[in-house]
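Bear in mind that the values here come from a model prediction, so they are computed numbers and not experimental data.
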Amino acid sequence: MTFPQGFPGVRNTNEASGQAHVEQQVGAIFGGTFHRHETTYNINESDPPERKFEVALNHLLGGTSRMAESIFQDLLHHGDASTRLAYYYALSVLSDRSLNEIGDDVYLRFRTADVTARRFPHDGWRAALNVVWELISCVWRQEIGETLDSADLAKALSNFRELPKDRQGEITRHLAMVLGGALQDSLDAEDAQRVREERLQPDRAGRAWKFFEPDPAAPRYFTTQAPEVSASEWAKPVLGGLGLLLGLVTFLGSFGSGRPAIAIPALLLFAAGVAAAFWGGAERELALRRLVQRDREHGIPLQYQAATSPGHWVRTDFVQQIHKLVEARFWDARPHVEGSWLNDTRGLCEYYKWRFVALFGNAQVEANAVDWLIRWHAKRAAAQWRAGTLFAYRQELRPPGTAVAVHRIGIGTTIFAALLMLGGQNGFAVAAVFLALGGFFALNGVTKVVADRRHRAEEELRGRQLLAEEEQGYADWLAVLRDRPDDAEMARWLDLDKTFLKTEALRRHGLSNRDLVTHVVLTEGAANALRARVIHGPMRYSRYVVLIFLLSESGVREIEVELDFLTGNVHNEQRTSFQYTSLAAARVAEVGIRYADGWRYQILSGDQATLLQSESLRRRALRLSLISGEQISVVAESFDGLSDASLESDTALQRIALEVSGIAGALHVLEAVSAEGRDWISREQERRRRRSEDWRRERGPGLLDGGVVEV
């Protein structure tokens with residue numbers, strides 16, 4: 001989430017200095033979504049095999065194949081075998097691995113899956129694994145230089161088509177890096193339309209953005225706690241009551257002297273005046289309290305909130321994030337009509353900063369979980385501003401003219417009655433003094449106490465009414481998020497995107513799969529992208545930079561595009577071609593990423609060490625150095641702010657980041673290319689041919705004819 005250019009307090013400039021390398025421009029970035037309570041990848045040692053299998057399958061579907069492979073392998077070693085387990089274990093072994101990564105150890109694990117499946121009666125899972133073997137057999141035959149017979153290829157493809165659609169999709173997805181040549185061209189030709197359609201379904205544009213929405217925090221009852229009536233305020237009605245009581249006693253004791261004919265009407269008039277003054281004064285005081293309270297809620301007078309912890313165990317980073325979210329949401333909600341929205345809502349923003357910190361600071365929730373409620377209030381304020389009613393309360397809550405008039409008449413009547421009572425002479429005059437003083441203090445104190453109690457009751461009712469409205473908004477928001485995609489669906493969309501982009505890259509360069517030695521697809525979170533992840537899962541982004549390397553006999557073609565993951569749209573394509581001899585080095589280096597002045601600085605470990613301080617975030621990056629001095633780099637983002645140190649190790653998180661970005665697999669290819677140059681092609685083909693002959697000889701003949709060799 002970012003502030004737009006020109007927003008107060010945000011400065012976007014384009015500059016770098018020293019050896020710092022400007023990679024991508026970014027605005028002010030904060031937050032992210034961490035689905036901490038998701039159990040997608042949560043596993044315990046005591047969990048039954050069924051649960052462990054479920055988690056392993058989630059890892060495979062979510063794109064972390066090495067994690068899936070490890071759990072599947074553990075299940076096999078503990079005797080929990082089945083054809084289904086064998087099939088998915090085979091896919092996990094091959095998934096995200098190119099042919100040059102499949103050494104003897106990988107082959108042995110793949111072989112274990114096949115042997116395991118053949119211990120059980122034939123079923124749909126074993127049929128699917130046999131199709132995997134058929135396709136791999138075709139690859140082996142291509143690699144040893146055999147011409148792939150059209151009948152054999154047709155048979156393999158026919159068996160493939162007979163599988164359920166889900167199995168077909170799984171096989172093409174997880175064998176994408178292994179299959180090639182005529183076989184991949186045949187599969188791509190049939191699969192292209194499916195990929196184009198499924199990468200946008202079901203309702204990707206309407207649902208993908210929801211993954212980046214945090215689990216919303218439920219609204220909480222909130223009302224400002226007005227200060228209790230002070231002891232001095234309570235003393236006034238007490239003293240006033242004593243004065244009135246003393247005045248009445250004195251008045252009753254004065255009937256033996258003085259002039260009762262004047263004093264009695266004066267007392268009645270005094271009582272009427274006190275009653276009128278009390279009613280009018282209480283109404284006037286209550287209206288003033290209402291107005292002060294509403295002014296406070298609108299930031300009048302304006303009081304800027306410090307972005308620091310107010311104490312009471314509230315984290316400063318929580319306060320800072322709440323402040324940024326309030327600023328961002330009020331900016332997003334601004335009506336696009338003429339007016340002074342920023343000035344009119346500046347005080348309201350400051351109030352909501354204080355309100356949400358006070359309300360959720362100790363609620364054990366992340367700041368982003370409150371984002372929906374901040375947005376709800378911002379939209380509510382925008383609707384009032386657009387209707388011209390944002391400050392209408394100032395007129396509505398002004399003390400009623402009737403109450404003011406009655407209060408003044410009552411005061412005047414009371415004073416007149418007291419003066420009239422003085423004419424009663426003797427004791428009546430003394431009673432008038434006590435009644436006047438007592439009435440003054442009683443009216444002053446009681447009206448404030450009564451107004452305070454009524455105001456508190458009204459505020460409690462208003463708070464309950466607002467809570468009911470917020471709870472309805474909460475229910476509405478949960479309904480919107482009900483079809484939020486899970487992590488596996490996000491991974492599936494990304495894999496379909498990669499397949500689509502690779503096919504498009506081949507088409508634009510006039511190449512086919514049989515022209516390639518291999519290919520590499522790398523992904524990196526784009527600038528200004530939203531981030532989200534499930535605990536133990538990879539980072540997902542709303543926008544990606546995708547790099548595709550097509551390695552053919554004639555050299556390397558690199559295509560870089562920006563992928564809007566929320567819609568599937570692709571733009572800003574850039575193409576580069578270079579010879580194998582132009583690649584000087586390929587390595588994974590530790591880098592520091594520093595966000596400053598709207599830019600992202602990427603610094604190699606050891607360079608600009610002064611920049612790699614607390615504001616920098618350690619990450620891994622694949623860096624390709626060309627002889628010309630140019631560099632191509634892809635950063636495996638860190639999980640800063642979106643991880644749980646008590647449940648996730650840094651090592652595991654780094655492994656996930658390198659795997660999902662494609663860096664782990666690409667390094668095998670690009671290191672060999674940079675070390676061997678163009679000779680890499682012949683050497684790699686020889687390595688593959690040798691391995692293919694060994695593996696095909698061990699598996700035995702007859703596979704393409706539907707035969708099964710028992711072991």
Do you know which two heavy atoms are closest between [X] and [Y], and how far apart they sit?
{"X": "Pro538", "Y": "Val660", "result": "CB-CG2, 3.4 Å"}
{"X": "Ala586", "Y": "Glu671", "result": "O-CG, 3.5 Å"}
{"X": "His519", "Y": "Ala176", "result": "CE1-O, 3.7 Å"}
{"X": "Ala666", "Y": "Leu522", "result": "CB-CD2, 3.6 Å"}
{"X": "Val669", "Y": "Ser98", "result": "CG2-OG, 3.9 Å"}
{"X": "Ala81", "Y": "Thr116", "result": "CB-CG2, 3.7 Å"}

Does a side-chain N-to-carboxylate-O contact under 4.0 Å join [X] and [Y]?
{"X": "Arg543", "Y": "Glu562", "answer": "yes"}
{"X": "Glu573", "Y": "Arg508", "answer": "yes"}
{"X": "Arg97", "Y": "Glu69", "answer": "yes"}
{"X": "Glu504", "Y": "Arg507", "answer": "yes"}
{"X": "Arg492", "Y": "Asp495", "answer": "no"}
{"X": "Arg207", "Y": "Glu489", "answer": "yes"}
{"X": "Lys502", "Y": "Asp497", "answer": "no"}

Is there side-chain contact between [X] and [Y], with heavy atoms separated by less than 4.5 Å?
{"X": "Val556", "Y": "Leu550", "answer": "no"}
{"X": "Leu566", "Y": "Tyr541", "answer": "no"}
{"X": "Leu516", "Y": "Leu551", "answer": "no"}
{"X": "Leu583", "Y": "Leu624", "answer": "yes"}
{"X": "Glu134", "Y": "Phe160", "answer": "no"}
{"X": "Ile559", "Y": "Phe549", "answer": "no"}
{"X": "Val131", "Y": "Leu163", "answer": "yes"}
{"X": "Leu94", "Y": "Val132", "answer": "yes"}

Sub-3.5 Å donor-acceptor pair from the side chain of [X] to the main-chain atoms of [Y], do we have one?
{"X": "Ser674", "Y": "Ala585", "value": "no"}
{"X": "Thr33", "Y": "Ala532", "value": "no"}
{"X": "Arg173", "Y": "Leu61", "value": "yes"}
{"X": "Thr503", "Y": "Thr499", "value": "yes"}
{"X": "Gln168", "Y": "Arg161", "value": "yes"}
{"X": "Thr112", "Y": "Leu108", "value": "yes"}
{"X": "Ser158", "Y": "Ala154", "value": "no"}
{"X": "Glu659", "Y": "Ser65", "value": "yes"}

### Query
Between Glu648 and Ile535, does a side chain to side chain contact (heavy atoms under 4.5 Å, CB included) hold up when you go through it step by step?
CA-CA 8 Å; Glu648 303 175 295; Ile535 190 167; 3.7 Å; yes
### Query
Distance under 6.0 Å and angle within 45° of the ring axis: does Arg199 meet both against Phe500?
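Geometry flag: set, cation within 6.0 Å and 45°.
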Quick one: side chains of residues 52-59, donor-acceptor pairs under 3.5 Å with protein atoms, not counting sequence neighbours, listed by atom name and distance.
from, atom 1, to, atom 2, distance (Å)
Lys52, NZ, Glu45, O, 3.3
Glu54, OE1, Arg51, NH1, 3.3
Glu54, OE2, Arg51, NH1, 3.3
Asn58, ND2, Thr40, O, 2.8
Asn58, ND2, Glu54, O, 3.3
His59, ND1, Thr64, OG1, 2.7

### Task
Report the C-alpha separation of Leu622 and Leu670 in whole Å, then their side-chain angles, then the decisive distance to 0.1 Å, and conclude whether the side chain to side chain contact (heavy atoms under 4.5 Å, CB included) test is met.
CA-CA 10 Å; Leu622 173 65; Leu670 299 175; 4.0 Å; yes
Report yes or no: do [X] and [Y] form a side-chain donor-acceptor pair below 3.5 Å?
{"X": "Asp679", "Y": "Ser682", "result": "no"}
{"X": "Glu197", "Y": "Gln201", "result": "no"}
{"X": "Tyr89", "Y": "Gln73", "result": "yes"}
{"X": "Asp487", "Y": "Tyr41", "result": "yes"}

### Task
Check the pair Asn42 / His536 against side chain to side chain contact (heavy atoms under 4.5 Å, CB included), numbers first and verdict last.
CA-CA 7 Å; Asn42 188 44; His536 299 302; 4.2 Å; yes
How long is the gap from [atom1] on [X] to [atom2] on [Y], to the nearest 0.5 Å?
{"X": "His509", "Y": "Ser554", "atom1": "NE2", "atom2": "OG", "result": "10.5 Å"}
{"X": "Asn130", "Y": "Asp114", "atom1": "CG", "atom2": "CG", "result": "7.0 Å"}
{"X": "Ser82", "Y": "Tyr87", "atom1": "OG", "atom2": "OH", "result": "13.0 Å"}
{"X": "Asp650", "Y": "Leu653", "atom1": "CG", "atom2": "CG", "result": "6.5 Å"}
{"X": "Arg118", "Y": "Leu129", "atom1": "CZ", "atom2": "CG", "result": "9.0 Å"}
{"X": "Tyr544", "Y": "Glu524", "atom1": "OH", "atom2": "CD", "result": "11.5 Å"}

### Task
Begin with the C-alpha distance, continue with both residues' side-chain angles, and end with the deciding distance and a verdict on side-chain hydrogen bond (donor to acceptor under 3.5 Å, both in side chains) for Glu170 and Tyr88.
CA-CA 9 Å; Glu170 291 168 351; Tyr88 281 117; 2.9 Å; yes
### Message
Using 30° and 60° as the class boundaries, would you call the ring planes of Trp493 and Phe565 parallel, tilted or perpendicular?
### Response
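Geometry flag for Phe565 against Trp493: perpendicular rings.
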#### Entry: side chain to side chain contact (heavy atoms under 4.5 Å, CB included) between Leu511 and Arg557, intermediate numbers included
CA-CA 11 Å; Leu511 299 172; Arg557 293 168 177 84; 3.9 Å; yes
### Task
For Asp515 and Ser552, run side-chain hydrogen bond (donor to acceptor under 3.5 Å, both in side chains): C-alpha distance rounded to whole Å, both residues' side-chain angles, the deciding distance at 0.1 Å, then the answer.
CA-CA 6 Å; Asp515 297 319; Ser552 66; over 6 Å; no
### Message
Does Arg204 form a side-chain hydrogen bond (donor to acceptor under 3.5 Å, both in side chains) with Thr567? I'd like the steps, not just the answer.
### Response
CA-CA 7 Å; Arg204 175 172 174 176; Thr567 62; over 6 Å; no
